[in-house]
Peer 1: 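Structure provided below as structure tokens; questions to follow.
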Amino acid sequence: MPRTFDDDAAPTGASTSTDPAGPRAPGEQPPDHRGAGTADGAPAPAERSDGPDDGRPFHAVMTAKVRADGDAEADEAERDNLADGTDPADAGPIVPTETRLLRRLLGTATLELDATPRARLLGWLWPLAVTALAAFLRLWDLGRPRELVFDETYYVKQAYSMLERGYEAQWLGDDANQRFAAGDPGALQVAAEYVVHPQVGKWMLALGLQLGGGVENPAAWRLGAAIAGILSVLMVARIGRRLLASTALGTLAGLLLAVDGMAIVHSRIGLLDGFVMFFALAAFGALLIDREQARRRLAARTAAVLDSGAALGWGPWTGVRWWRLAAAVLLGLCAGTKWSGVYFLAVFGLMSVLWDATARRAVGVRAWPLAAFVKDAVPAGIAMVAIAVLTYVGTWWSWFRSPDAYGRLWAEQNPGQGVQWLPEGLRSLWKYHTDMWAFHTSLSAEHSYAAHPLGWIVQWRPTSYFYPAGVSTLPPDQAREACGADACAQAITSLGNPLIWWAAAAAIVVALGWLVWQRDWRAGAVLSGIAAGWLPWFAYTHRTIFAFYSIAFTPWVVLTLVYVLGLLIGERDGDPVHRRRAIAGVSAFVVVIVAVSAFFYPIWTAWVIPYSFWHAHMWLDTWV
């Protein structure tokens with residue numbers, strides 16, 4: 001039967017509302033797919049030209065008496081019964097209106113995902129298992145190398161300064177890095193340093209410094225990033241489970257992020273971009289929870305209206321959306337790490353409102369665009385933007401309370417300049433931000449690892465973070481002692497697992513097609529983070545930008561790939577021969593991915609290795 005409504009509908013043969021990843025985890029309950037065409041097996045309620053002319057959709061006249069099966073054939077029978085005057089209550093078993101609406105809004109697979117204690121337990125155990133793997137890969141010998149890598153020279157030292165001064169202070173002397181790496185932070189001054197990124201990410205690194213034992217321990221420099229990276233794997237596994245209604249698919253997504261090089265590298269060095277990913281991913285997860293809770297609430301309140309026989313109108317309000325507000329706070333923290341977090345706020349906010357609009361359409365609201373705009377979009381826009389902005393401003397708390405911080409007293413020293421209607425503190429902050437904006441938009445210094453964003457998705461020009469000449473120029477006798485060969489190399493290369501990223505590049509095209517052709521909301525969801533984290537950079541190709549910025553949308557690269565792998569396997573109740581073959585193929589593919597990650601792990605984590613072994617990893621000339 002052709003699809004007729006609702007962004008939740010999953011096409012026949014698709015896996016977006018089931019568990020197409022192959023064998024389910026032990027104890028996981030299969031969904032009940034008795035129909036075709038939608039995630040819950042039910043088509044849209046048809047509008048009848050001879051129905052009641054009171055503004056209600058067709059299914060409103062049914063009140064609580066709806067068919068228990070809720071499949072396409074039952075709906076057709078109901079329409080036939082009503083046409084010849086038969087009471088649909090006489091046609092078979094009935095269920096409450098709320099149950100039917102829940103099937104339409106969430107799908108049977110989602111409703112049954114946590115149906116048993118065993119399913120709930122396994123829904124945590126499998127994600128925790130891949131998180132444990134991620135922790136090992138990220139924490140093992142985290143202090144290697146014992147020197148500041150790439151932009152750690154800025155962010156790690158600034159993090160220490162935040163602890164000591166409350167703001168980013170200058171460091172004295174050309175040997176400040178060497179002294180810091182030796183455990184001596186004595187080069188820190190009082191005079192403020194001009195910096196061009198907000199403070200949240202540096203506070204996260206500072207927390208790691210505190211937990212890890214301070215400057216003397218190089219693992220402490222990176223501990224904050226490692227914790228964020230480990231928790232991101234757990235979030236991806238749980239998010240994937242909720243998004244795709246499958247513990248197996250969610251676990252697979254967590255596994256792929258756990259072994260991806262882009263994620264591993266940015267969990268093992270003290271940069272800011274991993275925190276952008278962390279907060280954006282947490283906000284995405286919060287919005288998924290909000291989506292489910294809001295739809296459950298909408299189903300209950302709509303059922304009450306329909307059961308009473310009243311006109312549905314614009315549909316009920318869904319009340320205070322606490323998880324949406326939590327997402328706004330997280331997105332404020334994301335922007336408080338790097339300004340690129342603003343794009344996630346814009347894309348995720350729009351996505352959340354579209355989910356609300358399609359929910360109102362699914363329950364039968366005729367004027368659903370207008371209803372969603374008034375009842376959902378306007379409140380959401382005001383609340384999310386306001387809370388995100390307030391959160392962002394709040395992240396500058398230590399700057400506000402530090403008179404010695406850069407630009408803190410600008411308004412006091414320039415009373416007739418700037419935005420006059422703002423208080424002095426905010427006027428100084430505004431001036432500081434205009435200077436930061438000018439820096440970011442005009443940065444054009446040449447860099448050998450600058451990369452056009454078009455190549456990021458296939459890892460065309462990865463960033464080399466670390467390749468010390470002292471190792472590559474060792475005399476042969478010392479080299480043989482260090483790595484067992486006449487020439488050695490040591491590298492940290494911000495390169496994602498090539499198989500994951502190359503396959504994901506093709507998966508993005510498939511997901512786009514599925515979004516347009518089948519209107520599957522899950523396709524839009526997995527693509528949303530890629531749209532927010534990648535596409536905006538095409539507007540900044542005039543400035544110096546790097547491929548490592550793609551860490552911000554890496555979780556959605558993984559989710560898109562897993563989503564399409566699920567499509568390849570198909571429905572649980574599909575052709576068993578096809579499913580067995582597809583499961584075998586996907587399993588083999590995953591095994592090869594893990595093997596490739598094991599092969600690349602040494603150049604992600606600064607092992608001292610033979611030069612020939614390093615060179616064997618340079619599959620493309622652009623990787624050198």
Side-chain angles (χ1 to χ4, degrees), residues 150-151 154-155 194-198 201 260-263 265-266 269 271-277 279-281 331 334-351 433-465 492-498 500-509 511-512 526-558 560-561 618-624:
F150 198 65
D151 283 350
Y154 306 115
Y155 305 134
Y194 172 59
V195 298
V196 294
H197 290 301
D260 180 65
M262 185 70 68
V265 166
H266 286 88
I269 59 175
L271 302 188
L272 303 181
D273 301 84
F275 299 117
V276 175
M277 174 198 74
F279 288 117
L281 182 61
L331 291 168
C334 185
T337 302
K338 275 192 169 184
W339 285 356
S340 53
V342 171
Y343 298 115
F344 287 95
L345 172 63
V347 173
F348 289 175
L350 177 60
M351 177 180 65
H433 277 59
T434 59
D435 293 344
M436 293 164 65
W437 175 257
F439 172 86
H440 286 302
T441 55
S442 62
L443 180 64
S444 58
E446 291 188 6
H447 196 288
S448 58
Y449 285 99
H452 192 283
L454 185 62
W456 296 359
I457 199 64
V458 292
Q459 301 292 287
W460 184 254
R461 182 58 172 164
T463 309
S464 176
Y465 285 155
I492 299 178
T493 305
S494 180
L495 172 69
N497 182 303
I500 292 177
W501 285 78
W502 294 346
I508 289 172
V509 177
L512 280 170
V526 298
L527 293 171
S528 64
I530 298 174
W534 182 33
L535 296 185
W537 289 106
F538 284 85
Y540 297 97
T541 55
H542 60 281
R543 54 154 288 183
T544 306
I545 52 179
F546 301 91
F548 73 81
Y549 297 168
S550 58
I551 182 59
F553 61 89
T554 298
W556 292 272
V557 169
V558 166
T560 301
L561 177 57
M618 299 298 104
W619 293 357
L620 301 178
D621 291 341
T622 55
W623 291 2
V624 178

Peer 1: Give the minimum heavy-atom separation between I500 and L561, together with the two atoms involved.
Peer 2: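 What the structure gives for the nearest pair is O-CD2, 3.9 Å.
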
Peer 1: Aromatic ring centroids of H197 and H440 under 6.0 Å?
Peer 2: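 Close enough - the centres of the two rings lie under 6.0 Å apart.
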
Peer 1: Enumerate donor-acceptor pairs with a distance under 3.5 Å from any side-chain N or O in residues 334-345 to protein atoms, sequence neighbours excluded.
Peer 2:
from : atom 1 : to   : atom 2 : distance (Å)
T337 : OG1    : L333 : O      : 3.0
K338 : NZ     : D273 : OD1    : 3.3
K338 : NZ     : D273 : OD2    : 2.9
W339 : NE1    : Y392 : OH     : 2.9
Y343 : OH     : Y540 : OH     : 2.7

Peer 1: I need the minimum non-hydrogen distance between T463 and A547, along with the two atoms involved.
Peer 2: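 Residues T463 and A547, closest heavy atoms: OG1-N, 4.1 Å.
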
Peer 1: If you take all heavy atoms of A450 and T544, which pair is closest and at what distance?
Peer 2: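 The pair with the smallest heavy-atom distance is CB-CG2, 4.0 Å.
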
Peer 1: Sequence neighbours left out, what passes side chain to side chain contact (heavy atoms under 4.5 Å, CB included) with T541? Give chain and number order.
Peer 2: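 Per chain and number, T541 pairs via side chain to side chain contact (heavy atoms under 4.5 Å, CB included) with H452, P453.
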
Peer 1: List the residues meeting side chain to side chain contact (heavy atoms under 4.5 Å, CB included) with W623, not counting sequence neighbours, and say none if there are none.
Peer 2: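 Checked W623 against side chain to side chain contact (heavy atoms under 4.5 Å, CB included); matches are P462, L495, P498, W502, F600, M618, W619, L620.
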
Peer 1: Report the residues that fulfil ring pair (Phe, Tyr, Trp, His ring centres under 6.0 Å) with Y449, sequence neighbours left out, ordered by chain and then residue number.
Peer 2: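 Ring pair (Phe, Tyr, Trp, His ring centres under 6.0 Å) list for Y449, sorted by chain: empty.
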
Peer 1: Could you report the tightest heavy-atom contact between A504 and V557, atom names first, then the distance?
Peer 2: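 Scanning both residues completely, I find the closest heavy atoms to be CB-CG1, 3.3 Å.
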
Peer 1: Any side-chain heavy atom of W534 sitting closer than 4.5 Å to one from W556?
Peer 2: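 Result no, sub-4.5 Å side-chain heavy-atom pair not found.
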
Peer 1: Only counting residues at least two apart or in another chain, list the ones meeting ring pair (Phe, Tyr, Trp, His ring centres under 6.0 Å) with F150.
Peer 2: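 Residues passing ring pair (Phe, Tyr, Trp, His ring centres under 6.0 Å) with F150: Y465, F548.
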
Peer 1: List the residues meeting side chain to side chain contact (heavy atoms under 4.5 Å, CB included) with M262, not counting sequence neighbours, and say none if there are none.
Peer 2: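 Expected list: D260, H266, Q459, S494, W501, S550, I551, T554.
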
Peer 1: Please identify each residue that fulfils side chain to side chain contact (heavy atoms under 4.5 Å, CB included) with L350, with sequence neighbours left out.
Peer 2: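 Expected list: L354.
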
Peer 1: Counting C-beta onward and ignoring hydrogens, is there a side-chain heavy-atom pair between T493 and V265 closer than 4.5 Å?
Peer 2: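 T493 does not reach V265 side chain to side chain.
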
Peer 1: Within this structure, what is the CG-CH2 distance for the pair D621 and W460, rounded to the nearest 0.5 Å?
Peer 2: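 Separation between the atoms: 8.5 Å.
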
Peer 1: Checking the side chain of T622 only, and the main-chain atoms of R461 only, is there a donor and an acceptor separated by less than 3.5 Å?
Peer 2: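 A pair under 3.5 Å: no.
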
Peer 1: Would you indicate whether the side-chain heavy atoms of D151 and F546 approach each other to under 4.5 Å?
Peer 2: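 The answer is no, as the side chains (C-beta and beyond) never meet within the 4.5 Å cut-off.
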
Peer 1: To the nearest 0.5 Å, tell me how far I530 CD1 sits from T560 OG1.
Peer 2: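 These two atoms lie 3.5 Å from each other.
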
Peer 1: Quick one: are L535 and F553 in side-chain contact, heavy atoms under 4.5 Å?
Peer 2: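 No, too far: nothing below the 4.5 Å cut-off.
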
